[in-house]
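What follows is a single structure, written as structure tokens, with notes after it.
Note that this is a predicted model, so its numbers are computed, not measured. Residue numbering restarts at 1 for every chain, and letters A, B, ... go by the order of the sequence lines.
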There are 2 protein chains.
Amino acid sequence: MKELVFGHKSPDTDAVVAAKAFSYLQNQLGYDTEAVALGELNDETKFVLQHFEEPAPRIISAAKPEVDAVMLVDHNEAQQSVADLKDVQITHVVDHHRIANFETAAPLYYHAEPLGCTSTILFKLFKQNEVTVPAKLAGLMLSAIISDTLLFKSPTTTPEDEAAVKALAEIADVDYQKYGLEMLKAGTNLASKTEQE
Amino acid sequence: MKELVFGHKSPDTDAVVAAKAFSYLQNQLGYDTEAVALGELNDETKFVLQHFEEPAPRIISAAKPEVDAVMLVDHNEAQQSVADLKDVQITHVVDHHRIANFETAAPLYYHAEPLGCTSTILFKLFKQNEVTVPAKLAGLMLSAIISDTLLFKSPTTTPEDEAAVKALAEIADVDYQKYGLEMLKAGTNLASKTEQE
Ligand SMILES: [Mn+2]
Ligand SMILES: [Mn+2]
Ligand SMILES: [Mn+2]
Ligand SMILES: [Mn+2]
């Protein structure tokens, strides 16, 4: 039975990428899932998807019309999630935030770690399940980690986040320092502002 | 900084054993933890600890007088936990129940799977972290899985629970079928009742 996978409302790069990465992993493991988003993508995320020639996810405003069960990434609090969350079963959560306003009727898979980015946790799950990360997905995942950690400048950054970016950069064949600065710039619209001056 | 690890109030065998197993694993990984219990042990758990010559855990009624942070196993709901849970930080949870009445102020490690027993999840974590399960602990962990699954008769039993018992039985060198029936009997007090007749 198909399930939808999505990150939080007002999606950032991790919310979009972690949904794509977890959906890919779960499909490799035998689930039938689709990664979707809960709102318009920001400029940084658009830059990332264009750079790696990845299509933007479909945007949904409700889950129950399509599925009975969902998987959450990069969030768990109900107010950050799909409007009709209470009408569907949550079978999986992968997240790096505190837990609050979250309740289920049944046991579930819940994997959270206090790391800088959901995509860092997902990279560990790929390794644990011995699923190879495709080059394009590796590019997306390192983008999410650079986004959440501000290229390792954020106080939430851990050594695991840095190690994941370095390993993913080898898979994606990306100069992550150079690319990361371009990506963060795209998010702040510095590029277009500079052009106008 | 030391942390206490404990299962739910009115402890069953999984609550006691999972605390011991997770505490052992975390100490191997560099944490300083002590497994404790939130109440008197039941007859089944006493039988298990005697069989494998393992001391009973210390019983606590409050955490904050001793520590600032705790790790929960085999439960997450506040009403099943230590009375002063709100006064300490929860840094880790390993569980196989639904999530409810659970909230943290900070990100944490939370690993739940819809399996028959917390000790089955812990066995996977030992393998993922490449930590060897000592023979005595293997005996305790297979006891917890047999207890929670009623020797694989409970509808919550999964193939992973059965596989874990078989692997743990090899490490512990235990005939799990014979031992499991004795253990379940000890829990129901059938043995002592038969003696009296
Ligand atoms: Mn996010
Ligand atoms: Mn994130
Ligand atoms: Mn229990
Ligand atoms: Mn249990």
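The neighbour count for B/Q28 CD, taken as heavy atoms of other residues, nucleotides or ligands under 6.0 Å away, is above 12. When the shell of 6.0 Å around CD of B/E40 is examined, it contains 12 or fewer heavy atoms from other residues, nucleotides or ligands. No more than 12 heavy-atom neighbours from other residues, nucleotides or ligands sit within 6.0 angstrom of CD on B/E170. Within 6.0 Å of CG on A/D175 lie more than 12 heavy atoms contributed by other residues, nucleotides or ligands.
In this structure, the portion of B/A106 lying under 4.5 Å from any heavy atom of chain A is its backbone and not its side chain.
A/F123 and A/V93 fall into different hydrophobic clusters, where Ile, Leu, Val, Met, Phe, Trp and Tyr are joined by side-chain heavy atoms under 4.5 Å apart, directly or via other members. When the side chains of ILVMFWY residues are joined at heavy-atom separations under 4.5 Å, either directly or via intervening members, B/F126 and B/V165 end up in a single hydrophobic cluster.
In this structure, the separation between CD on A/E103 and CG on B/N101 is 6.0 Å, given to the nearest 0.5 Å. Annotation: the span from B/K124 atom NZ to A/Q128 atom CD amounts to 9.0 Å, rounded to 0.5 Å. A distance of 10.5 Å separates CG in A/L115 from OH in B/Y109, rounded to the nearest 0.5 Å.
Although no hydrogens or angles enter the test, the distance criterion places no donor-acceptor pair under 3.5 Å between the side chain of A/R98 and the main chain of B/A105.
When the candidates A/H92, A/H97, A/K127, A/E77 are compared by the number of heavy-atom contacts under 4.5 Å with chain B, A/H97 comes out ahead. Taking A/T156, A/I99, A/D95, A/N76 one by one and counting their heavy-atom pairs under 4.5 Å with chain B, the maximum is reached by A/I99.
Using cut-offs of 30° and 60° on the angle between ring planes, the pair A/H111 and B/H111 is perpendicular.
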